[in-house]
Amino acid sequence: MFTYYLRLAAISLKRNRILTALMVAAIALGIGMSMTSMTVLHMMSANPLSHKDEKVRRILLDNWDVNDPWDEDNPTEPPDLVTYQDANNLVQAHKAEHEAAFFPNVLPLEPDKREVKPYMVEALFTTSGFFPIFEPPFRYGSGWSPAEDRNAARVAVIDSETNDKLFGGENSVGRKVRLGGEDYTVVGVLEKWRPTPRVYHVANGAFNDPQSVFVPFAIGIEKQLNSNSNNSCYKDAEPGYAGLLASECIWIDLWVQVKDDADAQRYASFLNDYVAEQKKTGRFQRPTNNRVYTVSEFLEAQRVVGRDVRTQVWLAFAFFAVCLINTVGLLLAKFMGKAPEIGLRRAVGASKPAVFAQYLTESGLVGLAGGLCGLVLTGLGLLALRKLYAGTSIERLAELDWSMVFASLLIALIASLIAGLYPTWRACQVQPATQLKTQ
């Protein structure tokens with residue numbers, strides 16, 4: 001019976017191609033605009049570590065000025081980074097499965113190949129816990145050990161692009177790469193890795209690419225470097241690098257991995273005890289305000305998805321609603337124009353449910369056609385965004401995945417069925433006797 005209704009719907013839609021094209025175009029425009037904005041929101045609000053959201057925790061401590069909260073708009077929120085002394089103390093305490101303290105900076109890279117000129121790379125100075133926590137995929141090798149952390153061993157993990165440029169894509173584990181005038185042994189090569197958002201470090205751009213080189217945290221301290229991303233102090237540090245390390249300046253990301261929620265609670269208690277001890281030395285003058293955020297909680301607290309993006313999505317769906325209202329009017333005009341045909345069908349025995357199913361099937365067919373055309377418009381819209389924002393973080397967000405393709409078709413189908421309910425109901429109210437007398 002359903003195939004019969006589909007055949008009738010196809011015949012009906014072919015009869016008035018202009019009206020059909022208008023209805024399909026209305027839905028396609030609404031789908032195209034709404035799904036373009038929805039795709040960007042979907043990519044921005046993703047969680048690359050959703051499979052271990054409860055285990056990976058962002059650590060925040062409120063060491064800020066007692067008279068001046070870190071965020072005036074949200075005074076209960078602690079600073080989004082930690083000091084060197086706190087990062088070092090908490091890593092050394094090793095109260096979690098893994099700890100990752102890190103900061104970015106740049107190093108000059110000097111290739112062995114003469115045809116490749118020296119250039120600057122952004123490096124992440126991190127503890128070894130970074131790799132088991134964030135799980136970057138390795139093509140060759142692995143990360144380094146905690147012992148190499150402690151010894152500031154000259155080891156490095158490089159990304160696939162750097163490996164291709166320096167070693168032609170070969171297995172470079174054990175080979176040397178010259179960074180900052182020193183030779184580092186390559187211990188690992190990453191596969192192409194583009195976590196979206198870049199959850200581990202959102203301070204200077206949640207949608208920027210990961211660093212090209214990863215080296216032990218202790219090397220950055222030995223070289224007297226600080227973060228090239230974000231450094232904030234509420235009071236001046238003592239002169240020199242030692243003064244920075246002992247200061248209340250925040251510039252280091254700190255993450256840990258725990259076993260489960262109970263372990264996270266134990267870690268939170270440990271943090272409270274740690275802050276209480278630090279208070280005795282005159283630090284942490286504000287009320288204790290620690291955070292052991294899950295990944296999703298941290299992304300929400302950092303407002304990775306801005307209000308303007310959400311507003312654009314609402315505006316796009318408002319436009320879609322206008323398109324649906326127009327579709328309702330067009331369907332109503334089409335179905336009521338068939339009153340004589342409906343009356344004849346009813347007179348020869350067609351029931352109201354049969355008429356309702358037939359015309360609702362026609363509405364659904366319009367919706368599917370509009371959804372398919374809308375997918376084409378969505379693809380064009382995302383292509384335009386990639387062209388407009390080429391070379392920026394937005395370019396990578398404008399990618400349509402299969403979940404959004406399915407969502408587009410489903411939304412178009414449901415919306416068209418809803419839009420067809422009233423016109424179909426009106427069509428079912430046609431009285432056969434009235435139409436037969438008219439004829």
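Just so you know, residue 1 is the first one in the sequence shown, and it goes up from there. These numbers come from the heavy atoms of this one structure, side chains and all, not from hydrogens, waters or symmetry mates.
To the nearest 0.5 Å, atoms CG (Leu166) and OG (Ser172) are separated by 8.0 Å. Once rounded to the nearest 0.5 Å, the distance linking CZ of Phe102 with CZ of Phe130 reads 6.0 Å. Here the OG1 atom belonging to Thr83 is positioned 9.5 Å from the CG atom belonging to Leu254, to the nearest 0.5 angstrom. Going from atom OG1 of Thr294 over to atom CG of Leu49 covers 11.0 Å, rounded to the nearest 0.5 Å.
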**Request:** Please step through side chain to side chain donor-acceptor pair (under 3.5 Å) for the pair Thr288 and Asn290, ending with a clear verdict.
**Result:** CA-CA 6 Å; Thr288 301; Asn290 305 324; 5.7 Å; no
**Message:** One pair to check against side chain to side chain donor-acceptor pair (under 3.5 Å): Gln302 and Tyr293. What are the steps and the verdict?
**Reply:** CA-CA 11 Å; Gln302 291 296 296; Tyr293 278 141; over 6 Å; no
**Asked** Asp53 and Ser296: side chain to side chain donor-acceptor pair (under 3.5 Å), yes or no, with the steps?
**Response** CA-CA 7 Å; Asp53 188 70; Ser296 55; 3.0 Å; yes
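Judged as a ring-ring contact (aromatic ring centres under 6.0 Å, His included), and not counting sequence neighbours, Tyr184 has no contacts. Checked against ring-ring contact (aromatic ring centres under 6.0 Å, His included), Phe317 has no partners two or more places apart in sequence or in another chain.
Between Leu90 and Val82, the closest side-chain pair of non-hydrogen atoms is not below 4.5 Å. At a threshold of 4.5 Å between non-hydrogen side-chain atoms, the residues Glu297 and Leu299 do not count as touching. The side-chain heavy atoms of Ile250 and Trp70, taken from C-beta on, include a pair separated by under 4.5 Å. Taking 4.5 Å as the limit, some side-chain heavy atom of Asp253 sits within range of a side-chain heavy atom of Arg58.
Relative orientation of the Phe103 and Phe125 rings is parallel, given thresholds of 30° and 60° on the angle between their planes. Using the six-membered ring where Trp is involved, Phe131 and Trp144 have ring planes that are perpendicular, over 60° apart on the 30 and 60° scheme.
Aromatic ring centres of Trp255 and Phe134: separated by under 6.0 Å.
Put simply, the side chain of Asp62 never gets that close to the backbone of Asn289: no donor and acceptor are under 3.5 Å apart.
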